[in-house]
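First up is the structure itself, then whatever we jot down about it.
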Amino acid sequence: MGSPMAHNLLKAGVDLTVWNRTKTKCDPLISLGAKYKPSPEEVAASCDVTFAMLADPQSAVDVACGKHGAANGIGPGKGYVDVSTVDGDTSKLISAQINSTGALFLEAPVSGSKKPAEDGQLIFLTAGDKALYETVGSLLDIMGKSKFYLGDVGNGAAMKLVVNMIMGSMMASFSEGLLLCEKVGLDPDVLVKVVSQGAINAPMYSTKGPSMIQSLYPTAFPLKHQQKDLRLALGLAESVSQSTPIAAAANELYKVAKSHGLSDQDFSAVIEALKSKIQHSENQ
């Protein structure tokens, strides 16, 4: 995700400095004109605004607040924008650390996966310092098609978790439908066409359905990240005593899929967890 976002900034002529825990991932961007620094601390010290895109809460905290983290190099007049998907408590922790240096903080998790990132069609769900939101608005517009300002830190994280909770549940239900269609002798390819023309249409179905029917799951959004987001969403629901039985059931399916070694496949591979359950029941 971070690489295509950075690529779009470069294409727009933005003066860009990059860092990654695996330096070779920076090489294509460096070849296109990006500068490189050997730590988040040095990136933050050399840039007016630092964007962070990490896979999970612990990584987000380490890069922002750990040894040689961005907080060590940032200060007054600078901004830190975290576009990772994390829980609200993690976002607030990072915000407090960044703000303690005199710098501004904006959480800005994105709705969208690899292809929207490449096409500059992400949706930014932002919260935090309004002044920084205004400052980086033009950069968000380069990387995305829309942006929302949601107020206090934590609201952006919460909105992203709700969105991904819905998405994960939808994919689990779609998987059930594909398998049921096949089981009763109907053509699942026709189901994809029917769904894509009705009120329940979502681009996800027509994009992923054909490859799911072929048991192919090219990774746009890794299954392990979808399960992580469901887990975090369930934690969010628990914190306000909200019942989420559908998402809880979906989460169990993603956990089964992970146990079958599908963590790095696209999250549409959750259908394999259902296949294994069906096969198990038929063998009993």
Taking atom NZ of K228 and atom CG of L161, what is their separation to the nearest 0.5 Å? 7.5 Å

Sort out for me which residue in K37, E41, E42 forms a side chain to side chain donor-acceptor pair (under 3.5 Å) with S39. E42

Backbone N or O of M165 within a donor-acceptor pair of the S169 side chain at under 3.5 Å? yes

Salt bridge or not for K145 and D119, using N-O below 4.0 Å? no

Mark yes when over 12 heavy atoms from residues, nucleotides or ligands other than D187 sit less than 6.0 Å from its CG; otherwise mark no. yes

Quick one: pull up CZ in R231 and NZ in K255 and give me the separation to the nearest 0.5 Å. 10.0 Å

Does any N or O in the side chain of S175 come within less than 3.5 Å of the main-chain N or O of M171, such that one atom is a donor and the other an acceptor? yes

Start with the C-alpha distance between D56 and S59, add both sets of side-chain angles, then the distance that settles side-chain contact (heavy atoms from CB on, under 4.5 Å), and finish with yes or no. CA-CA 6 Å; D56 56 71; S59 299; 3.1 Å; yes

Within 6.0 angstrom of D152 CG, more than 12 heavy atoms from elsewhere: no

Checking side-chain contact (heavy atoms from CB on, under 4.5 Å) for the pair F221/N164: CA distance, chi angles, key distance, verdict? CA-CA 11 Å; F221 181 47; N164 276 21; 3.7 Å; yes

Pairwise distance CE(M212) to CG(L178) - rounded to 0.5 angstrom: 5.0 Å

Quick one: does S31's side chain have a donor or acceptor within less than 3.5 Å of a partner on P28's backbone? yes

Do the non-hydrogen side-chain atoms of M167 and Q226 ever get within less than 4.5 Å of each other? yes

Heavy-atom donor-acceptor pair, D82 side chain to S84 backbone, under 3.5 Å: yes

Is the CE atom of M159 crowded by more than 12 outside heavy atoms at less than 6.0 Å? no

State whether the side chain of N20 and the backbone N or O of K23 hold a donor-acceptor pair below 3.5 Å, judged by distance alone. no

Applying the 4.5 Å side-chain criterion to the ILVMFWY set and letting contacts propagate, would V49 and L9 be lumped into a single cluster? yes

Is there a path of hydrophobic side-chain contacts, each under 4.5 Å between heavy atoms of I, L, V, M, F, W or Y residues, that connects L236 with V110? no

Cluster link V256 to L230, ILVMFWY, side chain under 4.5 Å: no

Nearest-0.5 Å distance that lies between atom CD1 in I94 and atom CG in N99: 11.5 Å

Please answer whether the main-chain N or O of V192 pairs with a side-chain N or O of S196 as donor and acceptor at a distance below 3.5 Å. yes

Are any non-hydrogen side-chain atoms of P109 and V86 less than 4.5 angstrom apart? no

Within the 3.5 Å criterion, strictly below it, is a donor on K160 or T85 matched to an acceptor on the partner's side chain? yes

From the list L16, L106, L140, V43, side-chain contact (heavy atoms from CB on, under 4.5 Å) partner of F51 resolves to L140

State the CG-OG distance between D87 and S239, to the nearest 0.5 angstrom. 10.0 Å

Exam field: side chain T101 to backbone I98, donor-acceptor pair closer than 3.5 Å: yes

Does L186 share a hydrophobic cluster with L180, counting links as ILVMFWY side-chain heavy atoms below 4.5 Å and allowing steps through other members? yes

Can you confirm whether E134 is buried at CD, in the sense that more than 12 heavy atoms of other residues, nucleotides or ligands lie under 6.0 Å from that atom? yes

E182 atom CD: more than 12 heavy-atom contacts under 6.0 Å: no

Is there a side-chain contact (heavy atoms from CB on, under 4.5 Å) between K224 and F267 once you walk through the steps? CA-CA 7 Å; K224 63 185 177 184; F267 78 111; over 6 Å; no

Nearest heavy-atom approach of V83 to M5 is CG2-CE, 4.1 Å

Any sub-3.5 Å donor-acceptor pair from S91's side-chain atoms to G88's backbone N or O? no

Taking a hydrophobic cluster as the set of Ile, Leu, Val, Met, Phe, Trp and Tyr residues connected by side-chain heavy atoms closer than 4.5 Å, whether directly or through intermediates, do L122 and F148 fall within one such cluster? no

Got a donor-acceptor contact below 3.5 angstrom from the E107 side chain to the G156 backbone? yes

Please check if atom CG in L179 has more than 12 non-hydrogen atoms from other residues, nucleotides or ligands closer than 6.0 Å. yes

Measuring only between side-chain heavy atoms, which start at C-beta, is E176 closer than 4.5 Å to L274? yes

Start with the C-alpha distance between Y36 and T17, add both sets of side-chain angles, then the distance that settles side-chain contact (heavy atoms from CB on, under 4.5 Å), and finish with yes or no. CA-CA 5 Å; Y36 173 79; T17 299; over 6 Å; no

Between Y133 and Y149, what is the ring plane arrangement, given parallel below 30°, perpendicular above 60°, and tilted in between? tilted

Any luck finding a side-chain donor-acceptor pair between Q197 and N201 under 3.5 Å? no

Side chains of Q227 and N251, donor plus acceptor under 3.5 Å: yes

Tightest non-hydrogen contact, residues K78 and C47, listed as NZ-O, 2.9 Å

Carboxylate-amine/guanidinium proximity below 4.0 Å for K275 and E272: yes

Taking every heavy atom of A257 against every heavy atom of L223, the minimum-distance pair comes out as CB-CD1, 3.6 Å

So do the side chains of D27 and I30 get within less than 4.5 Å of each other, counting heavy atoms only? yes

Would you find a donor on one side and an acceptor on the other, under 3.5 Å apart, between the side chain of N8 and the backbone of I142? no

Looking at every heavy atom in both M53 and G2, which two are closest together, and how far apart are they? CG-N, 3.8 Å

Any idea which heavy atoms bring A44 and A70 closest together, and the distance? CB-O, 3.5 Å

Between CZ on residue F105 and CG on residue L132, distance to nearest 0.5 Å: 9.5 Å

Does the side chain of K35 reach to within under 4.5 Å of the side chain of D15, using non-hydrogen atoms? yes

For Y217 versus S268, what's the shortest heavy-atom pair and its separation? CD2-OG, 3.6 Å

Salt-bridge criterion met for K193 and D189 (N-O under 4.0 Å): no

